[in-house]
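For this chain, numbers begin at 1 and follow the sequence in order.
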Amino acid sequence: MKNQEPKSPALPEPHPEVRKGIARFLEHLRGERHASVHTLRAYRNELTRFGEYLGPEIRWKDIDHVLLRGFLSSLHSQGLSKVSVARALAALRSMYKWLAREGVVQQNPAKLVSSPKLPKKLPRVPTMEEMNGLLNSDLPEAAAFPERDRAIFELLYGCGLRNSELVGIELNDIEETNGVILVRGKGKKQRYVPLEGAAEEALRTYRPARQKVLLETKKITRRLFINQRGGPLTSRSVGRIVKQIAVAKGLPPDIHPHTLRHAFGTHMLSEGADLRAIQELLGHERLSTTQKYTQLSISHIMEVYDKTHPRAK
């Protein structure tokens, strides 16, 4: 008989009261907040770690800010980065806010715990020249479905869409007579974005090519963007398409669909667009989220100044 490797001991379950509270909060995120699959997975992982740290004896009334700091310190000692620790604290703060609203707890000890200081790293955004160079020329051989792939780039950059919003567009969402697209954003919030110029032209070219694929594959779908087998395109596929084409056109390998959304916001601001208008177009709930494009714009201006101004050298 072969020797079996000893199983690692199972971690203790949290107190039923705590376990129930975590489960109810996650259900609230899924059912009422309409959180994405990725958000739910992240919160579940963080809060499961927290429950395991507490063990079976500790109840909500026993948890204070000192215990929370101990939990975060334990994450750090396990080798987790500051970003991961900050994410765990964000999950705890969100859960405690909901627990307090529901009357499960009287106080929010997470308010007394400060987030670890993170290095401020602004995303690198392609210049307008780089984007125009990519979009004003023929797509490279890496583009397996050129009509579709050009439309993807034009909508991500021209309309500032999120990847998930792009793949969720259905044919009925395109209102050509009004020149807009209905976009379903985070939390099932809807907004209209303009469909004009290059983006409108790219869609007009793509739709007959889309119909041809559906006829050949004998598939039916309401989704606007499809793969070559006639099925709906996934977010992962969009990421791969964007990276392959961008790299083939000489852009950095760290480009992804959200980079094009960043470029949309930054370039709109650089050209004089109002911050509130950009907020509406991007579907940001808070203006503070949109204000990062001010930082990106200033960062670019400083870079140009340092490189070109004679008194900066």
Side-chain angles (χ1 to χ4, degrees), residues 3-30 33 35-124 163-164 186 235-236 239 252-254 256 258-259 262 286 288-289 291-292 295-296 299:
N3 291 330
Q4 293 184 346
E5 290 185 10
K7 293 181 180 179
S8 56
L11 291 167
E13 287 272 336
H15 189 280
E17 176 185 281
V18 173
R19 188 170 67 245
K20 182 181 177 183
I22 291 174
R24 283 182 59 202
F25 171 65
L26 292 172
E27 181 57 32
H28 159 73
L29 286 181
R30 188 186 68 80
R33 293 281 298 277
S36 69
V37 174
H38 302 293
T39 300
L40 280 172
R41 186 185 302 122
Y43 272 65
R44 184 176 290 109
N45 289 342
E46 305 300 347
L47 296 175
T48 298
R49 277 201 194 108
F50 179 58
E52 290 169 347
Y53 176 81
L54 296 177
E57 304 298 328
I58 295 177
R59 306 173 69 160
W60 291 122
K61 63 181 179 62
D62 305 317
I63 301 170
D64 58 12
H65 65 283
V66 177
L67 193 150
L68 293 185
R69 284 191 187 126
F71 168 61
L72 298 176
S73 296
S74 74
L75 296 180
H76 185 69
S77 64
Q78 291 169 33
L80 270 69
S81 67
K82 284 185 178 181
V83 173
S84 298
V85 174
R87 192 168 57 230
L89 178 57
L92 289 172
R93 283 176 174 165
S94 181
M95 178 182 69
Y96 261 101
K97 185 185 281 187
W98 179 82
L99 290 171
R101 199 163 59 240
E102 292 292 303
V104 178
V105 299
Q106 301 303 313
Q107 295 180 327
N108 183 351
K111 281 184 177 179
L112 301 175
V113 182
S114 57
S115 299
K117 288 188 177 179
L118 303 175
K120 289 186 178 179
K121 186 179 179 183
L122 295 173
R124 193 263 182 195
N163 193 344
S164 58
K186 288 184 175 180
S235 296
R236 181 175 292 183
D254 60 351
H256 48 80
H258 215 72
T259 310
H262 285 317
R286 298 180 181 86
S288 58
T289 309
Q291 284 171 335
K292 68 185 172 186
Q295 292 177 285
L296 287 167
S299 175

Taking NZ, NE, NH1 and NH2 as the nitrogens, is one of them in Glu52 or Arg49 under 4.0 Å from a carboxylate oxygen of the other?
no

Smallest heavy-atom separation, Asp64 atom then Pro109 atom, equals C-CB, 3.7 Å

Check the surroundings of atom CZ in Arg33: do more than 12 heavy atoms from other residues, nucleotides or ligands lie under 6.0 Å from it?
no

Check the surroundings of atom CD in Gln78: do more than 12 heavy atoms from other residues, nucleotides or ligands lie under 6.0 Å from it?
yes

To the nearest 0.5 Å, what is the distance between CD1 (Ile22) and CD (Glu17)?
11.0 Å

Can a donor-acceptor pair be found between the side chains of Ser77 and Ser74 at a distance below 3.5 Å?
no

Can you confirm whether Arg236 is buried at CZ, in the sense that more than 12 heavy atoms of other residues, nucleotides or ligands lie under 6.0 Å from that atom?
no

Could you walk me through whether Tyr53 and Leu67 pass the side-chain contact (heavy atoms from CB on, under 4.5 Å) check?
CA-CA 10 Å; Tyr53 176 81; Leu67 193 150; 4.0 Å; yes

Less than 4.5 Å apart, any side-chain heavy atom of Phe71 and any of Leu54?
no

Any donor-acceptor N/O pair, Arg19 side chain to Pro56 backbone, under 3.5 Å
no

Under 4.5 Å between any side-chain heavy atoms of Lys97 and Ser94, yes or no?
no

Donor-acceptor pair, Asp62 side chain versus Arg59 backbone, under 3.5 Å?
yes

Would you check if Trp98 and Leu29 make a side-chain contact, meaning some heavy-atom pair closer than 4.5 Å?
no

Any side-chain heavy-atom pair from Phe25 and His28 closer than 4.5 angstrom?
yes

Can you classify the ring geometry of Tyr96 versus Trp60 as parallel (below 30°), tilted (30 to 60°) or perpendicular (above 60°)?
perpendicular

More than 12 foreign heavy atoms under 6.0 Å from CZ of Arg30: is that the case here?
no

Looking at every non-hydrogen atom in both residues, tell me the closest pair between Val18 and Ile58 and how far apart they are.
CG2-O, 3.5 Å

Find out whether Leu89 and Leu72 are in side-chain contact, i.e. whether some heavy atom of one side chain is under 4.5 Å from a heavy atom of the other.
yes

To the nearest 0.5 angstrom, please state how far the CZ atom of Arg69 sits from the CG atom of Leu112.
7.0 Å

Report the relative orientation of the aromatic rings in His256 and His258; use parallel for angles under 30°, tilted for 30 to 60°, perpendicular for over 60°.
parallel

Atom of Pro14, atom of Gly51 and distance for their closest heavy-atom approach
CB-O, 3.4 Å

Hey, does Val37 have a side-chain heavy atom less than 4.5 Å from the side chain of Arg41?
yes

Are Val104 and Arg24 close enough that some pair of their side-chain heavy atoms sits under 4.5 Å apart?
yes

Check whether any side-chain heavy atom of Met95 lies under 4.5 Å from a side-chain heavy atom of Leu92, and answer yes or no.
yes

Which value, rounded to the nearest 0.5 Å, describes the distance between Arg87 atom CZ and Leu75 atom CG?
10.5 Å

